[in-house]
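The structure under discussion appears below in the form of structure tokens.
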Amino acid sequence: MYYLKINGNKKLKGEVKISGAKNAALPLIAMTLLAKNSVNLNNIPNVADIKTLAKLLQNLGAKVEFINENELNIDTSKVHSTMANYDIVRKMRASILVLGPLLARFGHCEVSLPGGCAIGQRPIDLHLSALEKMGATIQIKDGYVVATAPNGLSGAKIVFDKITVTGTENIVMAAALARGTTHIINAAKEPEVVQLCEILADSGVKIEGIGTDELIVHGTDKNLLKIKSFSVIPDRIEAGTYLCAGAITNSKITIKNAQAKHLQAVIHKLESMGFGFEISNNDITILPAQKIKPCDIVTTEYPGFPTDMQAQFMALSLVAQGVSTIDERLFENRFMHVSELLRMGADIRLNGHIASVNGGKELNAADVMATDLRASSALILAALVANGESRIHRIYHLDRGYENLEQKFQAIGADITRLKEEQ
């Protein structure tokens, strides 16, 4: 077990190169189950979640080879098992993404239920009911989803009661090998969903409405796909986190290999707080504010303000001059970082799913504990501006989603060190 030691009140400057998006890479790795050829995936982030899903595919019989730490080759032609076992699925909820492609390819599969999630419930009912509409028979046995479609899946009209990113991805992959046309209404529009659809379309699957909330997928009737090599899009949440690092320290930093079009909600909110920007090609530079103003945030689905940036903006609100409000509409337990920020001197009040942050108070270093991936990054941001030496424990959460985090922070001037916990 490791922890991060951070000495605060250091100005930042320089450049950070943004890694590939974990949340794009995971469905794309699952998508290789639809391929008849080996596939090269470039710009893969070197994070724990990627290794977990790679191990799951290996357990199914796929050949998975890391060519280097950011390039992966996957050959699923020899996949012989259709059981995604609990030992791996429990480590990462995104493992449920193998359900759609396995069922579409083999006509049956057994995938462990994902179990609990620190930030709240993420039920897979929407995935299952959609697959049933496509002709699957689904039972829950001994903690596993047992899905069968001996005659293959058929196209259907799917209306999601609420927007679901992994649900949309699962059904798009299943529909790619189904008979007929699948019409998905209220589909997720996140950039990660768009890239999955674009690569499937480039592999011969006709998909209409990419980037909108209505997708029409024309199935290929079980013909496995020839999938070309591709590069994963940059991680917009990692990019947003480093922009917040520049903002909370009121420093000029540049993030490279980022797509501003994926960060419009984040950039707009930072501009409303007083920060300026210089944007060119794939570089985004944040400029210091004369005065950091408070903000009001409501989390919602893309292209709205992302829930995965809520914790980072709460940390940023601690240095704003005034009261900010954060309305978390997507997950019921996503304020667990509040109690840790309070240990550092934050003035935050909770009323259900709304947090009021009274900014401008002095922050002091403390021992704090990460509770989930994005909460961990919020604690780092707060530690950057706290007086003294903070220690952030349980950083295995960070390793799930941030590549080379302390090295990237060190490169822009943060005093941050990874150390081993004493036994």
When you check the gap from the basic side-chain N to the acidic O, do Arg236 and Glu192 get nearer than 4.0 Å? yes
Under a plain distance cut-off of 3.5 Å, with no hydrogens placed, do Asp213 and Asn186 share a side-chain donor-acceptor pair? no
Is the shortest distance from a Lys or Arg side-chain nitrogen in Lys162 or Glu301 to a carboxylate oxygen in the other one below 4.0 Å? no
With a 4.0 Å cut-off on N to O distance, would you call Asp202 and Lys228 a salt bridge? yes
With a sphere of 6.0 Å drawn around OH of Tyr2, does it hold more than 12 non-hydrogen atoms of other residues, nucleotides or ligands? no
Does NZ in Lys133 sit with more than 12 non-hydrogen atoms of other residues, nucleotides or ligands closer than 6.0 Å? yes
Can you classify the ring geometry of Phe409 versus Tyr242 as parallel (below 30°), tilted (30 to 60°) or perpendicular (above 60°)? tilted
Looking at Arg394 and Asp372, is any side-chain nitrogen of the basic one under 4.0 Å from a carboxylate oxygen of the acidic one? no
Side chains of Ser19 and Lys408, donor plus acceptor under 3.5 Å: yes
Do the side chains of Ile50 and Asn46 get nearer than 4.5 Å, heavy atoms only? no
Heavy atoms from other residues, nucleotides or ligands near NZ of Lys17 exceed 12 (cutoff 6.0 Å): no
Whether the Asn282 and Gln259 side chains hold a donor-acceptor pair (N or O, under 3.5 Å, no angle test) is what I'd like checked. no
Answer yes when Asp327 and Arg329 have at least one side-chain N-carboxylate O distance shorter than 4.0 Å, and no when they do not. yes
Donor on one side chain, acceptor on other, Gln310 and His337, under 3.5 Å: yes
List the steps and the verdict of side-chain contact (heavy atoms from CB on, under 4.5 Å) for Met92 and Leu26. CA-CA 10 Å; Met92 184 183 63; Leu26 293 171; 4.1 Å; yes
